[in-house]
Amino acid sequence: MPSADSAIPFIDFSEFGDGTSEAAKRIGTQLYTACRDVGFLYIVGHGIPQESIDGIFDMSKRFFALPYDVKMTAPHPKEAWHHRGYSGIGVEQVSQMVFDDDKIEEMRGKGADFKESYDMGSEDSHKCPNVWLEDKYLPGLRSTCLGFQETCKKLESKVLKALALGMPGVPENFFEEYHSGYDNQLRFLHYPSAPRKVFDSGEKGRIAAHTDFGTCTFLFQDDCGGLEVESPHNPGTFLPAPPVHGAIVFNIGDFLMRWSNDELKSTLHRVRAPPPRADDGEMTRERYSIPYFCSADPERVIDALPGTYSETRPKKYAPITSREYITMRMNATYAKY
């Protein structure tokens with residue numbers, strides 16, 4: 001369990017129901033406070049059965065266990081913004097708002113992301129169609145992933161309703177009309193085992209410090225560990241966000257931070273080599289995680305949320321569509337070899 005000084009709160013949604021009770025309003029207030037002050041939290045009582053979570057992790061492990069040549073039959077397109085398909089180990093370098101090509105090349109030279117990934121989304125997305133493996137290679141991949149996305153979308157709707165309930169001035173169903181789900185993304189991540197010394201020396205990295213760029217993220221972790229979150233009280237200091245059985249990690253993205261006129265907090269986080277266990281020896285353990293990224297519908301124009309601006313607190317940002325913002329962030333965050 002996280003230590004008492006981890007500063008990452010827990011919020012229990014088990015009594016949220018349909019969002020009309022006093023308990024739901026209390027949960028909404030707790031959620032809003034956590035998103036404003038920390039930007040990261042653990043959600044428990046979320047209603048997703050553990051067998052569903054176990055099933056999607058099993059599918060992820062089966063996918064990454066396939067031969068490289070098979071995985072490459074569903075490759076990530078060359079465009080960084082078309083975030084679908086498979087990316088091999090070392091192909092993707094995560095950066096934080098870096099646009100300069102020379103700087104990106106310098107980053108690739110040391111501490112490259114030692115991971116592989118597979119991305120997918122809604123079948124209704126016209127801009128980013130999915131890149132599926134043929135069913136003969138991994139039967140059930142498509143149906144399992146699409147089913148889990150539907151499950152996550154229901155949780156997204158519940159949590160965004162709770163956030164609206166807790167935010168002063170925001171109508172309770174405000175976010176629903178902006179989030180149909182067809183631009184969301186599910187990601188399989190695998191961090192292979194490697195000698196610990198390559199991480200200690202900086203030769204290899206997991207994922208460098210960054211913020212997410214959509215509305216919000218739900219993260220499912222295995223029991224390996226390695227996720228760290230910047231302290232809300234001590235910038236530059238990162239705190240462990242260890243896996244907690246039955247809990248989902250939730251965080252705010254930059255788009256929602258902008259939408260809230262910077263009232264809500266999009267927090268830096270990173271993935272490091274997992275903390276060593278007595279039986280690890282010189283090798284790190286491999287790690288699996290599955291984030292579900294939530295984005296507003298691409299063509300919807302957003303402006304500062306009701307209640308987040310006034311004569312004494314002017315709007316900081318011009319209106320923008322989700323597509324414009326996400327494309328800009330995709331190109332600045334994901335650099336391809």
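A 4.5 Å side-chain heavy-atom check between P298 and Y182 finds at least one atom pair inside the cut-off.
Listed for the D119 side chain is no donor-acceptor partner under 3.5 Å among the backbone atoms of R187. A donor-acceptor distance shorter than 3.5 angstrom exists from the side chain of E324 to the backbone of T321, with no hydrogens or angles considered. Within the 3.5 Å criterion, the main-chain N or O of P275 finds a donor-acceptor partner in the side chain of R285.
Not less than 6.0 angstrom separates the ring centroid of Y118 from the ring centroid of Y86. Remark: aromatic rings of Y178 and F175 are distant, center separation not under 6.0 Å. Separation of the H83 and H76 ring centroids falls under the 6.0 Å cut-off.
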D279 vs R277, test: salt bridge (Lys or Arg N to Asp or Glu O under 4.0 Å). Steps then yes/no. CA-CA 6 Å; D279 58 350; R277 295 177 182 171; over 6 Å; no
May I have the step-by-step check of salt bridge (Lys or Arg N to Asp or Glu O under 4.0 Å) for D37 and K265, ending in yes or no? CA-CA 7 Å; D37 297 346; K265 184 176 179 61; over 6 Å; no
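At a cut-off of 3.5 Å, with distance as the only test, a side-chain donor of K153 or S157 sits close to an acceptor on the other residue. Side-chain atoms of D183 and S295 include no donor-acceptor pair closer than 3.5 Å. Counted by atom type alone, Q149 and N184 present zero donor-acceptor pairs between their side chains at under 3.5 Å. Defined by atom type and a distance below 3.5 Å, a donor-acceptor pair is present between the side-chain atoms of H190 and E286.
Heavy-atom neighbours of E282 CD from other residues, nucleotides or ligands within 6.0 Å: at or below the threshold of 12. More than 12 non-hydrogen atoms from other residues, nucleotides or ligands lie less than 6.0 angstrom from NZ of K127.
Sequence neighbours left out, the pairs with a member in residues 132-151 that pass ring pair (Phe, Tyr, Trp, His ring centres under 6.0 Å) are F148-F220. Evaluation of the ring pair (Phe, Tyr, Trp, His ring centres under 6.0 Å) test over residues 224-249, restricted to residues two or more places apart or in two chains, returns none.
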Which side-chain N or O atoms in residues 45-60 pair as donor and acceptor under 3.5 Å with protein atoms at least two apart or in another chain?
residue, atom, partner, partner atom, Å
H46, ND1, I48, N, 3.1
H46, NE2, G246, O, 2.8
Q50, NE2, D54, OD1, 2.9

